[in-house]
Asks: 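Just dropping this structure here.
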Amino acid sequence: MFEVTLPDGTGRRFDQPVTVGEVAAAIGPGLAKAAIAGRVDGRMVDLGTRIDRDCQVAIITMQSPEGLEIIRHSTSHLMAQAVKELFPGAQVTIGPAVENGFYYDFDYERPFTTDDLGAIEEKMRQISDRNETIGRREMARDEALALFKGMGEHYKGEIIGAIDAGQTLSLYSQGDFVDLCRGPHVPSTGYLKAFKLLSVAGAYWRGNAANKQLQRIYGTAWADAKSLKSYLHMLEESEKRDHRRLGRELDLFSIQEAAGGGLVFWHPMGSRVRQAIEGYWKETHIAAGYEFLYTPHMANLELWRTSGHLDFYHDSMFNPMHVDEQEYQIRPMNCPFHILVYQSKMHSHRDFPIRWAELGTVYRYELSGALHGLFRVRGFTQDDAHIFCREEQIEDEITAILDLTLAMLGTFGFKEFDIFLSTRPEKSVGSTEIWDQATGALVNAIKKHHLDFVEDKGGGAFYGPKIDVKITDCLGRKWQCSTIQLDFNLPERFDITYIGEDGGKHRPIMIHRALMGSLERFFGILVEHYAGRFPLWLAPVQAVVLTITDASRPWAVEVRDRLRAAGLRAEADLRNEKIGYKIREHTLKKVPWLLIVGDREQEQRAVSPRDASGKDLGLQSLDSLVEKLVLHARERRT
RNA sequence: GCCGAUGUAGCUCAAUUGGCAGAGCAACGGAUUUGUAAUCCGUAGGUUUGGGGUUCGAUUCCCCACAUCGGCUCCA
């Protein structure tokens with residue numbers, strides 16, 4: 001006699017050993033049907049796991065996060081089984097569940113093609129229909145090693161070889177397919193119905209470029225067909241939002257083969273958005289007590305030796321160029337330049353805090369294969385700033401930077417933040433006292449904002465602790481943009497000082513910070529976040545006046561000029577086209593306000609606006625509309 | 001950088017075993033004067049990413065370069 005305690009605290013008594021599945025059945029037939037695995041005393045186990053003593057049991061169903069993970073993991077096995085049936089020469093390696101799906105890496109004599117993917121998926125469906133039992137058994141490490149080596153599965157052999165001798169391993173089998181796996185898995189292949197293979201790509205064995213490249217097949221799997229469908233729909237949606245596609249369709253920017261990869265050309269429409277972003281950036285920074293610097297794009301390489309960047313970031317810096325017997329470096333960072341400005345004269349403790357900002361364009365060498373639209377480029381503009389202050393000013397400065405960060409990101413429509421605090425790594429510069437004090441100041445600043453944070457212990461840079469902020473876009477994707485870093489290293493390396501109250505020289509604290517990070521990347525994120533439908537204050541064209549016939553031209557031009565005089569980015573479409581054609585065209589360009597003018601409007605000095613929702617708002621006076629648009633733009637409503 | 005795929009008009013895509021490089025949209029010209037997501041007719045548009053090779057002949061086959069796309073972290 002033993003008792004099983006369920007998550008709600010109630011207990012069930014059993015006289016004989018039972019499986020987890022039987023516990024589910026004892027609770028109810030509905031649960032038994034939905035069950036795919038269980039949790040016994042906190043450990044995830046199969047439904048077939050036997051229980052013969054007092055314990056805590058929770059049933060894991062398909063819809064739960066753990067359940068989905070199990071389905072995905074099991075589907076990766078299903079795929080591996082299908083691959084082995086179709087391509088017996090393929091060797092299996094690893095196949096975990098990942099966010100929204102799974103992958104499995106194979107070693108095979110030739111690359112898999114998209115046709116192969118279709119065949120593999122078809123085979124997976126057959127195996128699912130066969131509803132093969134997925135069985136678990138345990139085996140001594142040496143025995144398992146011999147088994148997999150005997151099957152010619154050398155990667156599995158290598159994995160097992162790395163496990164201590166004498167350990168017992170678990171194996172899962174379904175039909176003829178056997179895999180080393182910790183589990184748990186669904187009871188049979190028939191549980192796996194809602195899946196789709198998505199892509200095939202290279203991946204190194206154990207993630208190391210020195211190792212052989214394997215072929216990774218990615219797929220997605222869900223609890224039911226409906227969830228799968230909505231996920232695939234979401235993928236289509238994000239494809240439509242792809243900033244590379246919208247960038248071309250809306251004529252925002254381009255990347256030109258003739259110029260080289262990773263170098264961004266901002267077209268007039270994209271530049272208008274950037275101007276709006278920069279204008280806002282400038283305004284907020286002035287209000288927050290910053291001064292602005294403009295510094296060169298290149299300088300003597302010696303500067304990068306002094307800063308230490310050459311040592312640490314050599315691989316991601318462009319090669320230097322020769323100028324008059326000297327070597328010059330295109331800048332990968334702005335900080336040494338700001339330090340040079342600091343060094344250009346003596347500083348007193350009374351000068352602090354010094355807050356210097358610059359939209360500084362930097363150039364970094366990225367591997368050609370890593371380039372990706374605006375997200376990974378070789379030349380980009382940081383909204384950079386450096387703050388020089390005294391130790392006791394750190395907390396106030398960090399607090400003010402966080403204020404600025406959250407306010408700015410909020411204006412762009414991001415309201416959900418994840419904060420990460422990275423603390424002192426093993427190898428670092430600076431005394432324990434200063435690290436402790438600075439880290440404490442960072443924590444206090446975060447707490448003042450009543451924000452939760454995740455501490456990455458030992459994850460800081462060698463030169464100081466930092467705070468990173470991640471934003472969540474409207475598709476739920478997370479992006480790290482803002483970073484606030486303390487630097488105990490550069491002031492030392494450049495030997496910058498200030499004269500303290502005691503008349504002696506002291507070392508200032510330096511804070512690096514970027515809120516949007518890279519303007520290019522941030523712009524790309526905004527394009528996808530808004531799906532190209534920028535809020536009024538950012539829209540490259542805020543309003544277009546559309547004429548019904550040529551007779552309304554004079555009034556249309558007057559309306560446009562009136563909008564322009566009010567500071568709005570307005571155009572007039574005077575073409576001899578049907579109104580439906582013009583509306584369609586500007587709607588596709590995602591212009592937030594379309595103002596239709598015909599005889600009626602002209603007579604009454606009015607317009608018939610249509611907002612971003614596509615609704616005809618009826619005849620309105622021009623005055624009241626201008627007032628409304630100006631207000632919306634000024635308040636930067638999202 | 002590595003693996004794979006791709007590269008044809010501004011865009012999206014065709015082109016038989018290697019045999020005259022096409023269409024829609026956009027552009028331009030004309031007609032039409034139109035009331036809330038595509039009016040009609042016409043014209044022009046190409047070193048098929050670049051370079052080299054095989055061939056009587058290459059968008060097509062081969063080699064090199066470049067670019068783009070997917071991936072290369074997520075504990076058997």
Side-chain angles (χ1 to χ4, degrees), chain A residues 69 73 76-77 80 92-105 107 110-114 116 141 144-145 148 153 155-163 167 169-172 179-183 198-218 239 242 244-245 248-249 251 254-263 315 365-373 546-553 574-589 594-601 608-611 614-619:
Chain A
E69 198 179 323
H73 190 187
S76 90
H77 279 224
V92 296
T93 68
I94 61 166
V98 293
E99 199 179 353
N100 296 327
F102 60 89
Y103 68 79
Y104 210 112
D105 287 350
D107 185 8
R110 65 165 178 84
F112 292 122
T113 64
T114 38
D116 293 332
R141 180 257 197 193
L145 189 59
F148 283 104
E153 296 287 4
Y155 292 90
K156 287 291 175 192
E158 192 181 323
I159 292 163
I160 299 169
I163 297 173
Q167 290 241 17
L169 305 176
S170 57
L171 270 58
Y172 280 81
D179 201 354
L180 169 76
C181 186
R182 195 184 288 147
L198 299 174
S199 62
V200 58
Y204 299 106
W205 169 234
R206 305 210 140 161
N208 185 337
N211 290 340
K212 181 161 186 191
Q213 187 141 22
L214 307 171
Q215 294 193 65
R216 175 171 296 180
I217 301 179
Y218 280 92
E239 201 173 315
D242 192 312
R244 293 166 296 188
R245 174 184 174 143
R248 186 180 55 239
E249 287 174 1
D251 202 9
S254 62
I255 290 170
Q256 314 247 2
E257 189 175 344
L263 301 170
D315 288 345
Y365 174 75
E366 295 280 356
L367 294 176
S368 60
L371 301 176
H372 179 98
L546 315 182
T547 48
I548 302 281
T549 70
D550 289 351
S552 326
R553 280 184 169 197
L574 308 176
R575 291 175 303 172
N576 173 13
E577 293 288 353
K578 292 175 86 166
I579 194 67
Y581 178 86
K582 296 186 187 181
I583 286 173
R584 176 182 157 78
E585 201 160 82
H586 298 291
T587 303
L588 290 175
K589 290 287 184 194
L594 303 184
L595 312 180
I596 285 89
V597 301
D599 294 341
R600 292 202 291 274
E601 289 78 10
S608 289
R610 195 182 143 106
D611 66 12
K615 231 173 81 189
D616 178 2
L617 302 178
L619 209 66

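Reckoned from all heavy atoms, side chains included, excluding hydrogens, waters and symmetry mates. Lettering of chains follows the sequences in order, A, B, ..., and the numbering in each one begins at 1.
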Asks: Nearest to the side chain of A:Ile583 - B:G35, B:A37, B:C69?
Replies: B:A37

Asks: Suppose we define a pair by two distances each less than 3.5 Å, Watson-Crick or G-U wobble; what does B:U73 pair with here?
Replies: none

Asks: Counting Watson-Crick and G-U wobble pairs only, both distances under 3.5 Å, name the nucleotide matched with B:U48, or none.
Replies: none

Asks: When only distance counts, do a donor and an acceptor, one from the side chain of A:Tyr218 and one from the base of B:G4, lie under 3.5 Å apart?
Replies: no

Asks: For B:U68, what is the paired nucleotide under Watson-Crick or G-U wobble rules, both distances under 3.5 Å?
Replies: B:A5

Asks: Write down the partner of B:A31 under the Watson-Crick or G-U wobble criteria, each distance required to be under 3.5 Å.
Replies: B:U39

Asks: Both distances under 3.5 Å, Watson-Crick or G-U wobble: report the partner of B:G19, or none.
Replies: B:C56

Asks: With a 3.5 Å cut-off and just heavy-atom distances, do the side chain of A:Glu601 and the base of B:G35 make a donor-acceptor pair?
Replies: yes

Asks: Among B:U49, B:U36, B:G1, which is the nearest nucleotide to the side chain of A:Ala370?
Replies: B:G1

Asks: Looking only at N and O atoms, is any donor in the side chain of A:Tyr204 or the base of B:C2 less than 3.5 Å from an acceptor on the other one?
Replies: yes

Asks: Select one nucleotide: of B:C72, B:C74, B:G35, the one nearest the side-chain heavy atoms of A:Ala203.
Replies: B:C72

Asks: So what does A:Leu371 hit on the nucleic acid, given a heavy-atom distance under 4.0 Å: a base, only sugar-phosphate, or nothing?
Replies: sugar-phosphate

Asks: Within less than 4.0 Å of OP1 or OP2 of B:G70, is there a side-chain N or O belonging to A:His372?
Replies: yes

Asks: The side chain of A:Val98 is closest to which nucleotide in this list: B:C74, B:G35, B:U33?
Replies: B:C74

Asks: Whole angstrom is fine here: how far is it from CG in A:Leu367 over to C1' in B:A67?
Replies: 16 Å

Asks: A:Ile596 has a side chain; which of B:C69, B:A76, B:G35 sits nearest to it?
Replies: B:G35

Asks: Where each residue is assigned the nucleotide of RNA chain B containing its nearest heavy atom, which of A:Ala97 and A:Gln215 is assigned the position nearer the 5′ end?
Replies: A:Gln215

Asks: I want to verify a distance call: between B:U39, B:A38, B:G35, whose nearest atom is closest to the A:Lys578 side chain?
Replies: B:U39

Asks: C1' atom, B:A44 versus B:A38: distance in rounded Å?
Replies: 22 Å

Asks: Any strand counts, and the cut-off is 3.5 Å on both contacts for Watson-Crick or G-U wobble. Which nucleotide pairs with B:C11?
Replies: B:G24

Asks: Could you work out which one of B:G70, B:A76, B:C11 sits closest to the side chain of A:Arg248?
Replies: B:C11

Asks: Expressed in angstrom and rounded to an integer, what is the separation of A:Phe112 atom CZ from B:G4 atom C1'?
Replies: 12 Å

Asks: Taking CZ from A:Arg553 and P from B:G35, how many angstroms apart are they, rounded to a whole number?
Replies: 17 Å

Asks: Looking only at side-chain atoms of A:Leu180, point me to the closest of B:A76, B:G35, B:C74.
Replies: B:A76

